[in-house]
Amino acid sequence: MIEVNGARLAYDEVGSGSPVVLLHAGIADRRMWREQVDALATRYRVIALDLRGYGESELPPTPFAHHHDVAGLLDALGLTRAALVGCSFGGAVAIDTALAHPDRVSALALLGTAVSGHEWSEQTNDLWETLVGEVDPEDFAATAAGEVRFWVVGPERSPEDVDPQLIAFATAMDERALAAELALSAVDIAELDPPAVDRLGELGMPVLVGAGAADVPDIRQLADRIAAEAPQAVRLPDVPDAAHLLPLERPAPVNAALLDFLP
């Protein structure tokens with residue numbers, strides 16, 4: 001645990017070298033990086049963070065911003081700069097951090113990333129209605145099952161196509177994340193203003209962008225947009241037979257790409 005902006009945040013740290021901070025998806029926590037931590041620690045100082053309110057991190061009832069927490073984490077660890085690796089919501093936090101604190105971010109690796117200010121397309125909303133439909137938000141088990149069906153399995157696969165152990169692990173993480181999001185809804189969270197979606201050209205650092213070929217269309221299209229607009233972006237080919245939790249589902253190509261890219 002480490003004190004950051006008035007909250008105690010949980011993190012894992014291993015390895016030495018240039019610092020790399022791993023930021024998890026909104027349906028997960030820092031455990032989703034279990035296939036990356038040791039692989040990256042052969043060259044880097046790897047820090048896997050539970051964002052405020054998620055996993056084992058605290059949630060004081062005070063206003064905050066996730067992107068300021070990431071910068072605060074660097075301060076608390078005595079780090080001037082770090083590379084940020086983010087998946088989904090964690091990718092959005094990484095982008096926001098790079099825009100709010102550009103001097104603190106040496107590189108960005110974005111895997112199945114969201115982007116603050118992006119509005120989901122009708123196609124993605126229709127896919128949700130088709131695959132999941134109405135779910136009682138207070139029923140964490142049912143909601144997690146629906147979210148895992150949508151995000152982890154993906155619209156182009158059936159649950160039988162996916163490792164049942166991955167589904168079970170993702171479901172357990174998501175149930176915990178849903179409880180976190182319920183608590184977070186009662187706290188004032190500052191958003192990046194203006195949001196990142198129209199500011200991708202301001203990302204002056206090297207950017208690596210990837211997605212799973214089985215992820216929802218919006219995510220793959222966002223990867224294309226970042227690659228087109230960020231000046232130093234490199235777009236990886238979509239990883240076959242992988243959906244939203246790409247680093248967890250297909251660690252080998254992800255680890256190889258990260259080791260080749262990170263400074």
Side-chain angles (χ1 to χ4, degrees), residues 20-27 36 65-67 70-71 81-128 150-152 154-156 191-251 253-263:
V20 176
V21 178
L22 308 178
L23 301 172
H24 61 80
I27 61 172
Q36 280 69 53
H66 287 296
H67 51 278
V70 176
R81 306 174 78 208
L84 305 182
V85 179
C87 177
S88 186
F89 174 64
V93 172
I95 295 170
D96 287 356
T97 304
L99 291 171
H101 306 277
D103 57 327
R104 310 301 301 275
V105 180
S106 59
L108 283 175
L110 307 168
L111 305 165
T113 195
V115 178
S116 64
H118 171 72
E119 295 186 7
W120 298 109
S121 68
E122 288 187 17
Q123 180 186 14
T124 293
N125 290 331
D126 289 345
L127 282 171
W128 176 273
F150 187 77
W151 292 111
V152 180
E156 299 173 6
E191 306 290 342
L192 187 70
D193 185 23
V197 69
D198 293 319
R199 300 174 58 188
L200 299 173
E202 298 176 32
L203 296 172
M205 65 289 298
V207 179
L208 182 71
V209 194
D215 208 338
V216 299
D218 276 36
I219 294 296
R220 288 177 276 140
Q221 290 161 11
L222 280 173
D224 291 340
R225 180 170 177 179
I226 295 167
E229 297 184 19
Q232 297 190 63
V234 174
R235 175 72 158 96
L236 293 171
D238 287 345
V239 178
D241 198 24
H244 203 51
L245 294 185
L246 171 60
L248 187 60
E249 187 171 13
R250 293 287 176 260
V254 168
N255 294 349
L258 290 175
L259 287 168
D260 185 58
F261 168 76
L262 291 170

For side-chain contact (heavy atoms from CB on, under 4.5 Å), just list the numbers for V254 and L246, CA-CA rounded to whole Å, side-chain angles, deciding distance to a tenth of an Å, and then say yes or no.
-> CA-CA 8 Å; V254 168; L246 171 60; 3.7 Å; yes
Dump the intermediate steps for side-chain contact (heavy atoms from CB on, under 4.5 Å) on T97 and V21, then the final yes or no.
-> CA-CA 12 Å; T97 304; V21 178; over 6 Å; no
What is the minimum heavy-atom distance between [X] and [Y], and which atoms define it?
{"X": "T113", "Y": "I219", "answer": "O-CD1, 3.5 Å"}
{"X": "L108", "Y": "A98", "answer": "CD1-CB, 3.8 Å"}
{"X": "M205", "Y": "A107", "answer": "CG-CA, 4.0 Å"}
{"X": "G112", "Y": "D215", "answer": "CA-OD2, 4.2 Å"}
{"X": "L110", "Y": "A94", "answer": "CD2-CB, 4.2 Å"}
{"X": "A83", "Y": "L262", "answer": "CB-CD2, 3.8 Å"}

Hey, can you tell me if H66 and F89 have their rings parallel, tilted or perpendicular (30° and 60° cut-offs)?
->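 Rings of H66 and F89: perpendicular, as their planes differ by over 60°.
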Does a side-chain heavy-atom distance below 4.5 Å link R225 with V197?
->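 Yes - at least one pair of side-chain heavy atoms lies under 4.5 Å apart.
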Flag the pair P251 / Q36 as yes when at least one side-chain heavy-atom distance between them is below 4.5 Å, and no otherwise.
->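 Yes, their side chains come closer than 4.5 Å.
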Quick one: do I95 and R199 satisfy side-chain contact (heavy atoms from CB on, under 4.5 Å)? Show the steps, please.
-> CA-CA 10 Å; I95 295 170; R199 300 174 58 188; over 6 Å; no
Nearest 0.5 Å please: distance from the [atom1] atom of [X] over to the [atom2] atom of [Y].
{"X": "L208", "Y": "L111", "atom1": "CG", "atom2": "CG", "value": "7.0 Å"}
{"X": "D103", "Y": "R81", "atom1": "CG", "atom2": "CZ", "value": "8.0 Å"}
{"X": "L192", "Y": "H67", "atom1": "CG", "atom2": "NE2", "value": "5.0 Å"}
{"X": "D218", "Y": "T124", "atom1": "CG", "atom2": "OG1", "value": "3.0 Å"}
{"X": "D96", "Y": "D193", "atom1": "CG", "atom2": "CG", "value": "11.0 Å"}
{"X": "S121", "Y": "E119", "atom1": "OG", "atom2": "CD", "value": "11.0 Å"}

Looking only at atom types and distance, does a side-chain atom of [X] sit under 3.5 Å from a main-chain N or O of [Y], one as donor and one as acceptor?
{"X": "S88", "Y": "A114", "value": "no"}
{"X": "Q123", "Y": "P217", "value": "no"}
{"X": "E249", "Y": "A243", "value": "yes"}
{"X": "S116", "Y": "A196", "value": "yes"}
{"X": "R250", "Y": "D241", "value": "yes"}

All pairs passing ring pair (Phe, Tyr, Trp, His ring centres under 6.0 Å) where residues 193-247 contributes a residue, at least two apart =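 Pairs touching residues 193-247 that pass the test: W151-H244.
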Pick from V234, V105, I226: which one makes a side chain to side chain contact (heavy atoms under 4.5 Å, CB included) with V207?
->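 Testing V207 for a side chain to side chain contact (heavy atoms under 4.5 Å, CB included) against V234, V105, I226 leaves exactly one candidate, I226.
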Under the side chain to side chain donor-acceptor pair (under 3.5 Å) rule, collect the residues that match up with Q232, sequence neighbours excluded.
->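 For Q232 there are no side chain to side chain donor-acceptor pair (under 3.5 Å) partners, ignoring immediate neighbours.
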